[in-house]
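What follows is a short report on a single structure.
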Number of protein chains: 2
Amino acid sequence: MVAKRGSPGDVRLLVRISQLYYRMHLSQAQIGEQLGLSRFAVGRLLERALEENIVRIEVVHPAARLVDLEDRLVGRFGLDAALVADVPAASGDAADDLARDAVAELAADLLAQRRPGGVIGVSWGRTMLAVARKLAQGWTSATEIVQLNGAASRSDQPTRVGEILERFASTSGASFRGLAAPAIVGSAALRDALMRDPAIRETIDLARTATTAVFGLGIPAPDSPHLASGFVDEAEQARLRSMGAAGDVIGRFLGADGQVAWPELDARTIGLSLAELASKPLRMGIAAGAGRGPIALAAIRARVLNVIACDESTAEWVLTHG
Amino acid sequence: MVAKRGSPGDVRLLVRISQLYYRMHLSQAQIGEQLGLSRFAVGRLLERALEENIVRIEVVHPAARLVDLEDRLVGRFGLDAALVADVPAASGDAADDLARDAVAELAADLLAQRRPGGVIGVSWGRTMLAVARKLAQGWTSATEIVQLNGAASRSDQPTRVGEILERFASTSGASFRGLAAPAIVGSAALRDALMRDPAIRETIDLARTATTAVFGLGIPAPDSPHLASGFVDEAEQARLRSMGAAGDVIGRFLGADGQVAWPELDARTIGLSLAELASKPLRMGIAAGAGRGPIALAAIRARVLNVIACDESTAEWVLTHG
DNA sequence: TTCGATAGTGCACATATGAGCATGGATACT
DNA sequence: AGTATCCATGCTCATATGTGCACTATCGAA
C-alpha cells in the first residue's frame, strides 16, 4: 500500500521522485522500477509535484524580465516584434547615450535577422545614427536606401543624415538617395511647391516603394532638430506642446491618441505621410532615452510601426499607460 | 542570420525559448515554427539554457533535505532503505519524545508499505513502543510476532514489552510470543541454562525463523533498561563505556567499529545473536533522540540492519563520521 | 450490506524528445 | 590560396512521455 494522498510519506515520495527525475535524470520508467511503481504512476506523481510546487522551474537570467516585457508589448498591441534593451534606469545625457546604443544594437540585430530586401526607407536623428553605426557588413541584400523625410538644414546640431544613409548603404551594397529638403517649412504652399520639385518628388516616390522603414521616435524638446530648423518659431513650438504633442515620427507630430497633433503643421512637413508609412510591411520605430514613453505609445496606437525597439523604462511606461 | 553564440541577442533567444517551453508549455516543434528554427535547434538551445543556468529546476520542498539525507545513507552504506524524520534540532526530553514519535511514524509507514508476512521479530524499549502505537490496523498479514531478546524484569521503568507485542499482534491479526527472561544475566553459564529452558528455547527458535526484525538502537546511559536490570553493576557499566560501547542492538553492545564491545558481557545476554539478526532479509533499526549517531553507525557497519529510521541529526552524524 | 461516486491504475496509441551521424560552411593556420 | 579543423545543422531512428479510456478498489451514504 502506497502512502495516502496528503500523508507525510506522500510528500516524501513526490520529493524523492522529483529528485530522481530532475536531479539524477532517470527516466520515469527507471524510477518506477526502482520504487515499484508503474511509469504512469511516476508521470502522474511528477505532474503533481509540479502542481504542488514541490518542484520549481524558473527562468532566472536577468534578461528574462526584458523578454517578458517584449512578449507583453507584442501581445497587448498586436505588434510583429518588440525589442527591449537592458539599460540601467539612470537619467542624464550619458545614460541616454548608453540607452541609445543598447537599443540601436538590438534594432540592428533584428534587421540583420530579417534581412529585408528591396528598398529600405530611413529617417535620421541621433538614434538612427546609432543604429547605422551598429550595422554589420552584409546585414541585408537591399538594393536601395532612401531618406523618408526632410532634414533640417539649419539645425545647430548636424543631423548627420549623410552618414546615416552612407552607412546603411555601404554595409549592404545598396545605393542610397537623400531628400534634399528641410523637415518642416514655413507654409503648406511652400511644402507643396517643394514636393513638386522633380528631385524631391523622385525621392519621395522611391520612399513610397520601400517595403521596410526604420525610424526614430522623437520628443518635442526645444533642441529637437526638427523644431530647431528655423521654420518653427518658439511660439509655434509652445503651441505644439500645449496641443499635447507626444513627439514625432518622421517629422510628423502625434498626440497621445496617435492622431496628428496639429494638422496645419503636418501640412508643412516634407516626407512620406504617416498613412503611407503605416502601409509598409516592416516598419520599425526606435525609442531610446528618457521621456519617450508617450510618443512610443502614440506611434503604436497610430500603427505607424509594427516593430518597436526601446529601453526598459519606455516599455514599462507604455505597458502601464496603454 | 541568427545571433552568434555569446552575443547579447543569443542570451535573449535562450531566455525566450526557455519561457515558451517551460512557462507556456509549447512543444519544441511549435517554438521552432514560431521562431523560424528547426526543432533540433530549439532542443539544443534548451539544453544550453540549462547548462548556462538560464533555467533553474529545483526541488524546493523542505522535505527535500531529508530525502537527500536518506539517499546518501542508502548510497554510502548500501542499505535497503533509510528514513530520516523531519525533527527540529532541539535537545531535552521533550524534543527526544517528539523525535521518537516522528521516526516511529516513518518506521510504521515503511512497515505498512512493505507488508512483511510470516514471523516478525521485535525488540522493546521506548522507541519500539512508539512504533507499536503508530501501527495502523491491518498493516501486515504476518502470522506471528516474536520477541527477539530478553526484557529487564527489575527495571525501574516498565519496559512495556507486553504492550508492544500486543499492539504489533492486534493490529495485524497475528499471534504473539514473548520471551520470559532477563536481557542480561549474571554469568554465561546462567545464560546458557536459561536458553535451554524449553519455553525460552521455543521462543528463540521462533525468532530464528522470523524474516523481518524491528528493533531500537539504544545508548549505554545509566538509566538504560538493559543496564538497570540488576545483573550489570555500576563497575561493569563503567567498564562497558570505557571499552567504547556505542550502544546496543537487541541488548548486545557494539563498539564504534560494529564489533561486539565486550564479548564476555555478550555471552551473558539472552536473545537472538547479532549474526542471526544480520541474516534476516528485512531488519529495521530505529534510532531516535540525541546521541544515537555512534550506535547507528556501529549497527550499520555490523550490517545488523538494512533499513534505518532515524532523525535528521543522527543521519547527519552518521554521514559525517562514517 | 449494497450501491454509487470517486480516485487511482495500467494500457494502447499518439506525440515529443534525444542520440548519433553525415554534411556543409566558416575559421584558422600554413 | 589551399587545407585541416571545428561547429552548427538537419536527418533518421530509438526512446521517453502524455492522453484518453476502460477497469477496479475504496469509501461513504442509504
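Chain naming here is simple, since letters A, B, ... match the order of the sequence lines and numbering starts at 1 in each.
Here the CZ atom belonging to B/Arg114 is positioned 6.0 Å from the CG atom belonging to B/Leu282, to the nearest 0.5 angstrom. In this structure, the separation between OG1 on B/Thr171 and CZ on B/Arg133 is 13.5 Å, given to the nearest 0.5 Å. Considering CD of A/Glu51 and CD of A/Glu47, their distance stands at 5.5 Å, rounded to 0.5 Å.
Regarding B/Leu37, its CG atom lies at a distance of 13 Å from the P atom of D/dC11, rounded to whole Å. Rounding to whole angstrom units, NE2 of residue B/His25 and P of D/dT19 are separated by 11 Å.
Of the side-chain N and O atoms in B/Ser38, one or more sit less than 4.0 angstrom from OP1 or OP2 of D/dG10.
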Show each protein N/O and nucleotides 16-23 of chain C N/O combination with a separation under 3.5 Å, one pair to a line.
unit_1 : atom_1 : unit_2  : atom_2 : d
C/dT17 : OP1    : B/Tyr21 : OH     : 2.8
C/dT17 : OP2    : B/Gln28 : N      : 2.8
C/dG18 : OP2    : B/Gln28 : NE2    : 3.1
C/dG18 : O6     : B/Arg39 : NH2    : 2.9
C/dG20 : O6     : B/Arg44 : NH2    : 3.3

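In this view, B/Glu316 and B/Arg65 satisfy the salt bridge (charged side-chain N to carboxylate O under 4.0 Å, His left out) rule, not counting sequence neighbours.
Of all heavy-atom pairs spanning A/Thr212 and A/Pro116, the tightest one is OG1-CB, 3.2 Å.
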